[in-house]
Amino acid sequence: MAASNMEQIVSLCKRRGFIFPGSEIYGGLQGTFDYGPLGVELKNNLKRLWWRHNVYERDDMEGIETALLTNRYVLRYSGHEKGFSDPLIDNRTTKKRYRFDHLLKAQTPEVLTLLAEAFNLPADTDGESLADALLQEPEKAETALKAAKVIDSADGKPGDWTQPRSFNLMFKTQVGPVADEESFAYLRPETAQGMFVNFKNVLDSTNRKLPFGIAQMGKSFRNEITPRNFIFRVRELEQMEIEYFVFPGDDEAVHESWIQDHMDWWVNEVGLSRENLKLFEHIKLSHYSKRTVDILYNFPTLGFDELEGIANRTDWDLGSHSRAQDTLPLSANTAEKAMKNEHSVEKLTYFDDKTKKHIVPFVIEPAAGVDRGVLAALCEAYDEETLENGEVRVVLRLKPALAPIKVAVLPLKKNEPDIVATAKRIKNTLMAEGNMRSVYDDSAGIGKLYRRQDEVGTPFCITVDFDTLGRSNTGDNTNEGTVTVRDRDTMQQERVKIDDLLPYLQARLK
RNA sequence: GCGGGAGUAGCUCAGUGGUAGAGCGCUACCUUGCCAAGGUAGAUGUCGCGAGUUCGAAUCUCGUCUCCCGCUCCA
């Protein structure tokens, strides 16, 4: 059983130190969250699994880590500077909000003509161009929209429109000591561009042949209009992205194989159940995409929503960042729509030894949200189990590889110095020799200690008792040198020799 | 940005003008031989922030900030 509503997860996360609201003592900052002591472990574990699967366990991948700040031209030629914003407008009467360009496209030709006239534009100017023009002069636009009787489809009547406003979804920041118009940079809204602009560097330094890919994990920033739903939509997020380069023509099959591979990864390694996952085929594609398929997870409260997007970006990005584009064999869409590049000093091409020709590879991009992955893992693992005695046990059934704490070592009695010393020694050994994040806790009775560990997903608890010391009250000392190991999911216990603990646990934590 | 809801202990919340509360959690000690046990003691709050009304404000009024839900957006 997974979590049935998000509040359960939010509450547990704060109480036990997984995730806190950002800047909380100053009233918070919408769209930011801080990872606590357990959260950082969980998140790092998820990232480690991803890196291992996508980089180490394949023969065709290289990792990279690029700067969050980029030359402003990177995000100009990628299309973000122009396209990564949403013009919005409100109707005061119906309280509805619309994408401004969508609103205009839905109007009759007569209305559009009136608007065009008001702005001294040709009578047949289309909705999108009109939207661009009107956004330049919002006050004048407000008057013109009312005069032209722009209709709100919600009630079929002319709306009481506000000024149209443009929301740029990228954060801008100042670079260097002199604050002028030329000295700004954008915080990247996706890690992808760092991989495209380093395409040649990776190719030249590794001698890779197609097909091969570049992987990167890192922070991205999006000035979301409405951050919502805990860490699902945030303004500062972390991504796990791959740009996989292939010969044009191979792209469709490779795209399909990444979709299947990553669907399986979420199930087999993160532990999400297949019935809580599904694929979503994008109908309306972004400017660079030939096909985009999302992997959706069934989040509590939200329902199915995006966990990972896997896009066929064609040769759009490499083509867009290249100089002398008219000399390149670009696909029709890219050749037609890409901005003419007047700043790049490089052709982002690949020399094919077989045909002896320079080509522009196509790119398949699996892009997942780390924070969304953490949230999905938490939601999936959350369980409230009713025990035989009627009590309810909260347990996070995380995959052992994801669990923030692998082993808790507990003393049956904390006022018995030999038990305490033995427990602490075991804990230190597991950490030092087994590299297992382990903790010692004696701040409550044994039952409560178990439940605390259940709640944060610790797979195993080790308990040191009098038998361990050879001081059994029954006089039977056959268990000397052993401890009990309790399994999180079954609550079953097993006596294991201290000397065998490391291999015993390692075998079960895989 | 508009509409609605909310902000009181770590968490969940009660408290409609008169001493700041409960449950759980937390700390210490006692007890306890394995699944949130019991006892005793204890700590924890500018009642989001600011102003106003009042003898007196968590409570009423105004302002403000933040969060949540919906609309819109989500490459």
Side-chain angles (χ1 to χ4, degrees), chain A residues 6-8 10-17 20-31 78-80 82-100 102-103 154 160 162-165 167 169-170 189-190 192 220 222-230 232-234 237 282 284-289 292 294 301 305-306 309 311 313 316 365 367 369 387-389 391-395 410-416 419 443-455 461-468 471-474 483-484 486 488 491-493:
Chain A
M6 200 72 94
E7 289 309 310
Q8 294 172 313
V10 174
S11 177
L12 175 66
C13 281
K14 169 144 194 213
R15 189 159 44 82
R16 296 306 308 271
F20 309 121
S23 311
E24 196 178 12
I25 64 166
Y26 288 106
L29 178 63
Q30 207 183 13
S78 70
H80 286 85
K82 181 169 184 299
F84 199 58
S85 65
D86 290 324
L88 300 178
I89 188 165
D90 295 302
N91 181 352
R92 297 187 185 93
T93 311
T94 61
K95 310 297 183 193
K96 295 285 182 186
R97 165 171 289 183
Y98 296 95
R99 269 278 297 263
F100 185 46
H102 293 179
L103 177 73
D160 180 10
T162 62
Q163 294 181 16
R165 296 175 309 275
F167 285 75
L169 301 183
M170 288 198 291
E190 59 176 16
S220 292
R222 302 179 181 190
N223 191 20
E224 297 284 356
I225 300 163
T226 322
R228 278 293 153 85
N229 296 314
F230 197 36
F232 182 81
R233 174 163 296 115
V234 286
L237 57 131
H282 278 235
K284 200 176 162 228
L285 297 169
S286 40
H287 59 284
Y288 55 70
S289 174
T292 300
D294 288 347
T301 309
D305 215 328
E306 184 180 356
R313 293 178 78 129
W316 173 269
E365 178 193 76
L387 303 174
E388 287 176 10
N389 63 9
E391 284 182 13
V392 174
R393 174 174 85 118
V394 174
V395 51
L410 315 170
L412 190 63
K413 285 172 72 77
K414 65 174 166 179
N415 53 2
E416 186 56 49
I419 287 182
S443 63
I446 190 70
K448 190 180 290 187
L449 293 179
Y450 285 149
R451 296 299 167 81
R452 270 190 201 154
Q453 296 301 328
D454 290 341
E455 197 178 48
C461 289
I462 290 171
T463 301
V464 177
D465 58 13
F466 284 106
D467 287 16
T468 310
R471 284 160 50 189
S472 172
N473 59 354
T474 64
V483 291
T484 62
R486 171 194 180 266
R488 176 195 69 197
M491 298 197 289
Q492 296 297 309
Q493 288 176 272

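Lettering of chains follows the sequences in order, A, B, ..., and the numbering in each one begins at 1.
Listed pair A:Lys448 / B:C35 fails the phosphate criterion, with no side-chain N or O lying under 4.0 Å from OP1 or OP2.
When the P atom of B:U12 is taken as reference, atom NZ of A:Lys14 falls 8 Å away, rounded to whole Å. In this structure, the OH atom of A:Tyr450 is 13 Å from the P atom of B:A37, given to the nearest Å. If you measure from atom CD of A:Glu455 to atom C1' of B:C11, you get 10 Å, rounded to the nearest angstrom. Taking atom CZ of A:Arg451 as the reference point, atom C1' of B:G25 lies 16 Å away to the nearest angstrom.
The base of B:C71 is not paired with the side chain of A:Tyr98 by any donor and acceptor separated by under 3.5 Å. Between the base of B:C11 and the side chain of A:Ser11 there is no donor-acceptor pair shorter than 3.5 Å. With hydrogens and angles left out, the side chain of A:Arg486 and the base of B:C35 share a donor-acceptor pair within 3.5 Å. Below the 3.5 angstrom threshold, one finds no donor paired with an acceptor across the side chain of A:Asp454 and the base of B:C35.
Taking 4.0 Å as the cut-off between side-chain N and carboxylate O, A:Asp454 and A:Arg486 count as a salt-bridged pair.
The distance from atom NZ of A:Lys14 to atom CZ of A:Phe230, rounded to the nearest 0.5 Å, is 11.0 Å. Atoms CG and CZ, on A:Leu169 and A:Arg222 in that order, are 9.0 Å from each other to the nearest 0.5 Å.
In terms of modelled atom types and a separation under 3.5 Å, the side chain of A:Arg452 and the main chain of A:Ala444 share no donor-acceptor contact.
Across every strand in view, B:C26 sits in a pair with B:G42 that passes the Watson-Crick or G-U test at under 3.5 angstrom. Of all nucleotides present, none satisfies the Watson-Crick or G-U wobble test against B:U53 with each distance under 3.5 Å. B:C47 makes up no base pair with any nucleotide shown, lacking Watson-Crick or G-U wobble contacts both under 3.5 Å. If you check B:C71 for Watson-Crick or wobble pairing at under 3.5 angstrom, you find it paired to B:G1. Nucleotide B:U19 is matched to nothing when pairs are restricted to Watson-Crick or G-U wobble geometry with both distances under 3.5 angstrom. In this structure, B:A6 and B:U66 make a Watson-Crick or G-U wobble pair, each of the two defining distances being under 3.5 angstrom.
Base engagement by A:Arg471 is indicated by at least one non-hydrogen atom pair under 4.0 Å involving a base atom. Note on A:Pro189: a base of the nucleic acid sits closer than 4.0 angstrom, heavy atoms only. Among the atoms of the strands shown, base atoms are found under 4.0 Å from some heavy atom of A:Thr484. When heavy atoms are screened at a 4.0 angstrom cut-off, A:Glu306 is found touching the sugar-phosphate backbone but no base atom.
Comparing B:U72 with B:A14, their C1' atoms sit 37 Å apart, to the nearest whole Å. Here the separation of B:G50 from B:G7, taken at their C1' atoms, is 16 Å to the nearest Å. Spacing between B:A51 and B:G15 at atom C1', rounded to whole Å, works out to 25 Å. B:G21 and B:U59 are spaced 15 Å apart, taking the C1' atom of each and rounding to whole Å.
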Start with the C-alpha gap between A:Thr463 and A:Tyr450, add the side-chain angles, then the distance that decides, and say whether side-chain hydrogen bond (donor to acceptor under 3.5 Å, both in side chains) holds. CA-CA 10 Å; A:Thr463 301; A:Tyr450 285 149; 2.8 Å; yes
Evaluation steps, salt bridge (charged side-chain N to carboxylate O under 4.0 Å, His left out), between A:Glu455 and A:Arg488: CA-CA 10 Å; A:Glu455 197 178 48; A:Arg488 176 195 69 197; over 6 Å; no
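When each of A:Asn229 and A:Arg15 is assigned the nucleotide of RNA chain B with its nearest heavy atom, A:Arg15 is the one assigned upstream, toward the 5' end.
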